[in-house]
Amino acid sequence: MGYFAFVRSNLRLLSFGMLMTYLSGYGQTYLLAIYIPFLMEEFDMQNARISLYYMIATVGSALLLPRVGKLIDQVKLTNYTLVSTAVFVVSMIAMSFVQHGYLLPLVFFGLRIAGQGLFSHISMTSMSKFFDKGRGKAISLASLGHPLGQALLPITVVWIIGFSGWRASLLINAGLVLVAIPILLYYLLDERKLVVATPSDDQQLKATDKVSTWDILKSKAFLLLAPNLFALAFIITGLFFYQFTIAEHKGWTIEWMALGLTFYAIAGSVSILFAGPLIDKYTARRFFPFYLMPFLIAVIFIWLVDNPWVIFPYMVFMGISAGTGNAIMSALQVELFGAAQIGKVRSIFTSVMVLSSAVGPAVYGVIVDAGYGFELIFLISIGMMLAVTIQSFRIIPSYTYAKMKYKFKNRHRRFDFFNVFNLKH
């Protein structure tokens, strides 16, 4: 089924997924980073201290996510979404009234677990659980909410702060979420028509039914996927958290960096749209070893070049990896673990992602405050991506390497790159 026919047939559920990822932006680092300068000035904090508070809150949400995330397999999706929304809204209201810096970890915790954690979890789990043949397209279309939020929410929030102040802007944000979610649930979500997409392989379903959290954590699939997910979230969150400090370090204006974010959002959107049909056709595992390579090139660019024009290839290549990576990792979890308990599986991987997004800003903040500079940060980022990219080739079995070599030597006149990496035996 083509994109347009697929969208027409599943418009309501796809819209629900995309808007949930869009609204998760209120708890994402790229938006909370706007409030960091105001909080540092209000409570007289340095980078290391506020990064530590952010890390404590995000680690706490990462530890709790596997417990609350798996409940999405056991309760109504509507009820699960409403409870998550209540936590999200209360946390934004609490942040607008906070008067003591030591309370920031608590409000950060609510924003991170509800926004970054549960809203994204609801969206991706719904797409993974209720779609089968078009799962790649569904995940990709729902993932469009992330770049859409990155393109629109920062501009909107900065504008709101400009006329209302940062505290009042949080109340306005809370009101928008509080109004939007019931409307989405009422008009877009009809749980009576939702059916879990079961794998065609009965043995896979049987194995998934018996899976425990410990079984997932010690599985080869988890040990294969987790390092990549950790590295991507660690580096992107760390760089976004200090994006304006990087601009100052490079001698760039904030306007240049903001314009670059628009290119990041566009590149992420385009790559997401291309990733869905390719995943449906070739499977996600074929792309897994390669999706971090554009991001690696992006960091090398910003490390070596000081000209402000480098912002554009930097943001574009980073957006390509972030967009394709989100779709690939979500689809790959279903390919390797099945759909029956994907809520439990996704909650664990989401916890890994949230944990890494906590550690990234904290580590980078310590490096900056210690005076080592961003050159060391760029080198650490490059080294991490090289290491996890090399290890991700383990997804290709050794006997498949022999098939790839044979296919390459005996390829036809028209070379199909993807067929070289055919993992179907």
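The two residues Thr58 and Gln116 make their nearest non-hydrogen contact at CG2-OE1, 4.3 Å. Nearest heavy-atom pair, Ala174 versus Val89, reported as atom, atom and distance to 0.1 Å: O-CG2, 3.9 Å. For the pair Gly323 and Ser271, the tightest heavy-atom approach, listed with the atom from each and the gap, is CA-OG, 3.6 Å. Between Ala226 and Val352, the shortest heavy-atom distance links the atoms O-CG1, 4.0 Å. The two residues Val87 and Gly110 come nearest to each other via the heavy atoms CG1-O, 4.2 Å. Met45 and Leu104 make their closest contact through CE-CD1, 3.5 Å (heavy atoms, listed as atom of the first residue, atom of the second, distance).
Partners of Tyr80 by ring-ring contact (aromatic ring centres under 6.0 Å, His included), not counting sequence neighbours: none found. Among residues two or more places apart in sequence or in another chain, the side-chain hydrogen bond (donor to acceptor under 3.5 Å, both in side chains) test is passed with Tyr314 by none. Listed by chain and number, the residues in a side-chain hydrogen bond (donor to acceptor under 3.5 Å, both in side chains) with His121 are Thr125 (sequence neighbours excluded). With sequence neighbours left out, Phe295 forms a ring-ring contact (aromatic ring centres under 6.0 Å, His included) with no residue at all. For Phe108, the ring-ring contact (aromatic ring centres under 6.0 Å, His included) criterion is met by Tyr54, not counting sequence neighbours. Considering only residues two or more places apart in sequence or on other chains, Tyr22 meets the ring-ring contact (aromatic ring centres under 6.0 Å, His included) condition with none of them.
A salt bridge is defined here as a Lys NZ or Arg NE, NH1 or NH2 lying under 4.0 Å from an Asp or Glu carboxylate O, and Lys137 with Asp280 meets this definition. A salt bridge does not link Arg286 with Glu335: every distance from a Lys NZ or Arg NE/NH1/NH2 to an Asp or Glu carboxylate oxygen is 4.0 Å or more.
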Please lay out, stage by stage, how Val334 and Phe131 fare under the test side chain to side chain contact (heavy atoms under 4.5 Å, CB included).
-> CA-CA 11 Å; Val334 186; Phe131 288 95; over 6 Å; no
Evaluate the criterion side chain to side chain contact (heavy atoms under 4.5 Å, CB included) for residue pair Val83 and Asn79; output intermediate values, then yes/no.
-> CA-CA 6 Å; Val83 172; Asn79 295 340; 5.5 Å; no
Give the C-alpha distance, both sets of side-chain angles, the deciding distance and a yes or no for side chain to side chain contact (heavy atoms under 4.5 Å, CB included) between Leu31 and Ile34.
-> CA-CA 6 Å; Leu31 197 69; Ile34 296 173; 3.8 Å; yes
Between Thr237 and Tyr242, does a side chain to side chain contact (heavy atoms under 4.5 Å, CB included) hold up when you go through it step by step?
-> CA-CA 9 Å; Thr237 308; Tyr242 291 106; over 6 Å; no
Evaluate the criterion ring-ring contact (aromatic ring centres under 6.0 Å, His included) for residue pair Phe119 and Tyr26; output intermediate values, then yes/no.
-> CA-CA 10 Å; Phe119 269 38; Tyr26 286 109; 9.3 Å; no
Give the intermediate values and the outcome of ring-ring contact (aromatic ring centres under 6.0 Å, His included) for residues Tyr53 and Phe43.
-> CA-CA 12 Å; Tyr53 285 168; Phe43 301 111; 9.1 Å; no
Begin with the C-alpha distance, continue with both residues' side-chain angles, and end with the deciding distance and a verdict on side chain to side chain donor-acceptor pair (under 3.5 Å) for Ser381 and Tyr364.
-> CA-CA 10 Å; Ser381 303; Tyr364 288 176; 2.7 Å; yes
Any chance you could lay out the side chain to side chain donor-acceptor pair (under 3.5 Å) test for Ser96 and Arg167, step after step, and finish with the verdict?
-> CA-CA 4 Å; Ser96 71; Arg167 290 185 181 273; over 6 Å; no
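Ring-plane geometry between Phe234 and Phe230 is classed as parallel, the angle between the planes falling under 30 degrees on a 0 to 90 degree scale with a further cut at 60. Classification of the Tyr35-Trp166 ring pair by plane angle, with boundaries at 30° and 60°, yields perpendicular. Taking the six-membered ring where tryptophan is involved, the planes of Phe240 and Tyr264 are perpendicular, since the angle between them exceeds 60° and thus also 30°. A parallel orientation is assigned to the rings of His100 and Tyr102, their planes being inclined by less than 30° (bins at 30° and 60°).
Counting non-hydrogen atoms of other residues, nucleotides and ligands closer than 6.0 Å to CZ of Phe274 gives a total of 12 or fewer. Counting heavy-atom neighbours within 6.0 Å of Glu41 CD, excluding the residue itself, gives a total of 12 or less. Around CG of Asp44, the count of heavy atoms belonging to other residues, nucleotides or ligands within 6.0 Å does not exceed 12. Atom CZ of Arg12 has more than 12 heavy atoms from other residues, nucleotides or ligands within 6.0 Å. Annotation for Phe163: atom CZ counts as buried by contact number, over 12 foreign heavy atoms lying within 6.0 Å. Enclosure of atom CD in Gln391 by more than 12 non-hydrogen atoms of other residues, nucleotides or ligands within 6.0 angstrom is indicated.
One finds the CG atom of Asn228 at 11.0 Å from the OG atom of Ser321 (value rounded to the nearest 0.5 Å). Taking CG from Leu82 and CD1 from Ile181, the interatomic distance works out to 8.5 Å, rounded to the nearest 0.5 Å. Distance check, rounded to the nearest 0.5 Å: CD1 of Ile56 to CG of Leu106 gives 11.5 Å. Note that CG of Leu278 and CD1 of Ile328 are 9.0 Å apart. Values are rounded to the nearest 0.5 Å.
Here the side chains of Leu118 and Phe88 are not in contact, with every heavy-atom distance at 4.5 Å or above. Using a 4.5 Å heavy-atom cutoff, the side chains of Phe287 and Thr324 are not in contact. Side-chain contact between Met18 and Ser15 is absent, with no heavy atoms from C-beta onward closer than 4.5 Å. For the pair Arg285 and Leu336, the minimum side-chain heavy-atom distance is below 4.5 Å. Contact check for Leu170 versus Ile93: no side-chain heavy atoms found under the 4.5 Å cut-off. A 4.5 Å side-chain heavy-atom check between Val316 and Ile320 finds at least one atom pair inside the cut-off. Side-chain contact between Phe393 and Phe290 is present, with heavy atoms from C-beta onward closer than 4.5 Å.
A donor-acceptor pair under 3.5 Å links the side-chain atoms of Ser140 to the main chain of Gly276, judged by distance alone. Proximity of a side-chain donor or acceptor of Gln28 to a complementary backbone N or O of Gly115 within less than 3.5 Å is not detected. With hydrogens and angles disregarded, a donor-acceptor distance shorter than 3.5 Å links the side chain of Lys250 to the backbone of Ile302. Side-chain atoms of Trp252 come within 3.5 Å of backbone atoms of Asp306 as a donor-acceptor pair (strictly under, hydrogens ignored). Remark: the backbone N or O of Leu386 is not paired with any side-chain donor or acceptor of Thr389 at under 3.5 angstrom. Side-chain atoms of Ser169 never come within 3.5 Å of backbone atoms of Ile160 as a donor-acceptor pair (strictly under, hydrogens ignored). Here the side chain of Ser123 pairs a donor or acceptor atom with the backbone of Gly17 at under 3.5 angstrom. The backbone N or O of Phe6 sits less than 3.5 Å from a side-chain atom of Asn10, completing a donor-acceptor pair. When atom types are taken as modelled, the side chain of Arg112 and the backbone of Gly27 share a donor-acceptor pair closer than 3.5 angstrom. Under a 3.5 Å cut-off, the side chain of Ser143 and the backbone N or O of Ile139 do form a donor-acceptor pair.
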